[in-house]
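Here the structure is laid out as structure tokens; the discussion comes afterwards.
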There are 2 protein chains.
Amino acid sequence: MGYSIKTISQKSGLSQYTLRYYEKEGVLPVVARDENGNRCFHDEDLELISLICCLKDTGMPIADIKQFISLSKEGHSSLPEQRRLLQEHKLHIDEKIKFFQTFAQKVEHKIAYFSSLEEQAKAESK
Amino acid sequence: MGYSIKTISQKSGLSQYTLRYYEKEGVLPVVARDENGNRCFHDEDLELISLICCLKDTGMPIADIKQFISLSKEGHSSLPEQRRLLQEHKLHIDEKIKFFQTFAQKVEHKIAYFSSLEEQAKAESK
DNA sequence: TATTGACTTACAGTTAACTCTAAGGTCTAC
DNA sequence: GTAGACCTTAGAGTTAACTGTAAGTCAATA
């Protein structure tokens, strides 16, 4: 009946410190507690944490994630706004992918250039 | 005969603060000076700055960029090592692209889910 | 000649995102 | 009944990467 912070830390890859920090900052919604006052995570929390990690790892600042999460507490009326935020972020990710692809090419060219310099140096040393 | 720090700031998109900071930290090699002691950038610098931005924007920490740049001062003998670092980073970028593509899909699914919830809410309110 | 503007330095301050410490509560096993 | 593992909080400290400030130099212009 619920997961400890240790378990969630292992499952999510976030440290216990980070999980507490996220809750305190409102990046995570307030987590349920057991009879001893210890955090008691559920599957929905884990799912939300997975989404949060996804947003974070694709470059969304935690202040923005916080805003997104605070909307999800407001129920149905905030669905369009939540969707809008995700769509905006999706554009961001797509841009980043293009950007990364361009830069992967650039780095590849640079690598080829270094290879050619090495060949040249080898030829000269003969 | 050389660009001022202001010009380079405009061309590179890095602030003057950042350019000075990069030079001080060894992220940029030492920049030439004019007769007044002012920085005097050249096209090679601009090219190198462009590579540095590329590495930075694809997630290389500036400590690593610094290491890469310090190698380029050592001439031909360090070419293979420079190439190795770039190749390693290229793998990193490729991984990130895959990761981002996966997450773009995940976010897209979430958007679709929100849309369906909105439809449902609309239907219920009728 | 005085002021304006662009530059210089050294160094202090800021921001985001953790990360750790200290002091303490609760449960289980020996 | 105490040792050890787990949890709690408040708040301090850390790290990377800037960003800003203060005090000063220099050259061109009103």
Side-chain angles (χ1 to χ4, degrees), chain A residues 1-42 45-46 48-70 89 92 96, chain B residues 1-42 45-46 48-70 89 92 96:
Chain A
M1 32 125 314
Y3 310 106
S4 71
I5 194 166
K6 187 179 189 179
T7 308
I8 293 296
S9 168
Q10 284 158 352
K11 288 194 186 216
S12 68
L14 298 173
S15 74
Q16 298 186 27
Y17 296 140
T18 303
L19 287 166
R20 292 196 196 98
Y21 163 71
Y22 278 7
E23 189 189 354
K24 196 165 59 180
E25 293 293 306
V27 175
L28 274 182
V30 172
V31 179
R33 301 298 176 116
D34 66 13
E35 63 284 0
N36 295 318
N38 292 355
R39 283 173 187 81
C40 185
F41 291 84
H42 296 95
D45 296 313
L46 200 51
L48 199 53
I49 289 169
S50 147
L51 177 60
I52 288 165
C53 288
C54 159
L55 294 175
K56 189 194 66 164
D57 293 340
T58 49
M60 189 185 277
I62 69 163
D64 291 10
I65 298 176
K66 183 177 164 173
Q67 196 202 342
F68 176 78
I69 293 301
S70 79
H89 184 60
H92 232 83
K96 260 198 175 157
Chain B
M1 32 123 312
Y3 310 107
S4 71
I5 193 165
K6 187 178 189 181
T7 307
I8 293 295
S9 169
Q10 284 160 352
K11 288 197 186 215
S12 68
L14 298 174
S15 73
Q16 298 186 25
Y17 295 142
T18 303
L19 287 167
R20 291 196 196 99
Y21 164 71
Y22 278 8
E23 188 188 354
K24 194 165 59 180
E25 292 295 305
V27 175
L28 274 181
V30 173
V31 179
R33 302 301 175 114
D34 66 11
E35 63 284 0
N36 297 318
N38 292 355
R39 282 173 189 81
C40 185
F41 292 83
H42 296 94
D45 296 312
L46 199 52
L48 198 54
I49 289 169
S50 149
L51 176 62
I52 288 166
C53 288
C54 158
L55 295 174
K56 187 195 67 167
D57 293 340
T58 49
M60 188 185 276
I62 69 163
D64 291 11
I65 298 175
K66 182 178 162 172
Q67 197 202 342
F68 175 78
I69 293 300
S70 79
H89 185 59
H92 233 83
K96 260 196 174 158

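As a basis for the values below, the full set of heavy atoms in this structure was taken, side chains included, without hydrogen atoms, waters or symmetry mates. Just so it is clear: chains get the letters A, B, ... in the order the sequence lines come, proteins before strands, and each one is counted from 1.
A/Arg33 has no side-chain polar atom (N or O) that falls below the 4.0 Å cut-off from OP1 or OP2 of C/dT26. For the OP1/OP2 pair of D/dT8 and a distance below 4.0 Å, the side-chain nitrogens and oxygens of A/Arg39 include at least one atom meeting the criterion.
In this structure, the CD1 atom of B/Ile65 is 12 Å from the C1' atom of D/dA16, given to the nearest Å. Atom CD1 in A/Ile8 sits roughly 12 Å away from atom P in D/dT8 (whole-Å rounding). Look at CD on B/Gln16: it is 12 Å from P on C/dT9, rounded to the nearest Å. In this entry the distance linking CD1 of B/Ile52 with P of D/dA17 reads 13 Å, nearest Å. One can place OH of A/Tyr3 at 15 Å from P of D/dC7, the figure rounded to the nearest angstrom. Rounded to an integer number of Å, the gap from B/Ile62 CD1 to D/dT19 P is 11 Å. Following rounding to the nearest Å, A/Asp34 (CG) and D/dC7 (C1') show an atom-to-atom distance of 9 Å.
Residue B/Phe41 holds its CZ atom at 11.0 Å from CG of B/Leu48, rounded to the nearest 0.5 Å. Taking CG from B/Leu28 and CG from B/Asp45, the interatomic distance works out to 7.5 Å, rounded to the nearest 0.5 Å. Taken to the nearest 0.5 Å, the CE atom of B/Met60 stands 14.5 Å off from the NZ atom of B/Lys66. With values rounded to the nearest 0.5 angstrom, B/Ile5 atom CD1 is found 11.0 Å from B/Tyr17 atom OH. Distance check: A/Ser4 OG to A/Asn38 CG gives 9.0 Å after rounding to the nearest 0.5 Å.
B/Asp34 places a side-chain N or O within donor-acceptor distance of the main-chain N or O of B/Asn36, the cut-off being under 3.5 Å. One N or O on the side chain of B/Thr58 and one on the backbone of B/Cys54 form a donor-acceptor pair closer than 3.5 Å.
With distances taken from any side-chain atom of A/Tyr17 to the nucleotides D/dT21, D/dA17, C/dT21, the minimum falls on C/dT21.
Taking 4.5 Å as the limit, every side-chain heavy atom of B/Lys96 sits out of range of all side-chain heavy atoms of A/Lys96. With a 4.5 Å cut-off on side-chain heavy atoms, B/Leu46 and B/Ile8 count as touching. Inter-residue side-chain proximity for B/Ile65 and B/Tyr22 is flagged as unmet; no heavy-atom pair is nearer than 4.5 Å. Side chains of B/Asp64 and B/Leu55 form no contact here, defined as non-hydrogen atoms less than 4.5 Å apart.
Residues from residues 19-30 of chain A that place a heavy atom under 4.0 Å from any atom of DNA chain D, listed by number: A/Arg20, A/Lys24.
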Write out a two-atom table: protein N or O, nucleotide N or O from nucleotides 1-6 of chain C, distance below 3.5 Å.
{"residue": "C/dA6", "atom": "OP1", "partner": "B/Lys6", "partner atom": "NZ", "Å": "3.3"}

What's touching nucleotides 26-28 of chain D from the protein side, N or O pairs under 3.5 Å?
{"residue": "D/dC26", "atom": "O3'", "partner": "B/Asn36", "partner atom": "OD1", "Å": "3.0"}
{"residue": "D/dA27", "atom": "OP1", "partner": "B/Asn36", "partner atom": "OD1", "Å": "2.6"}

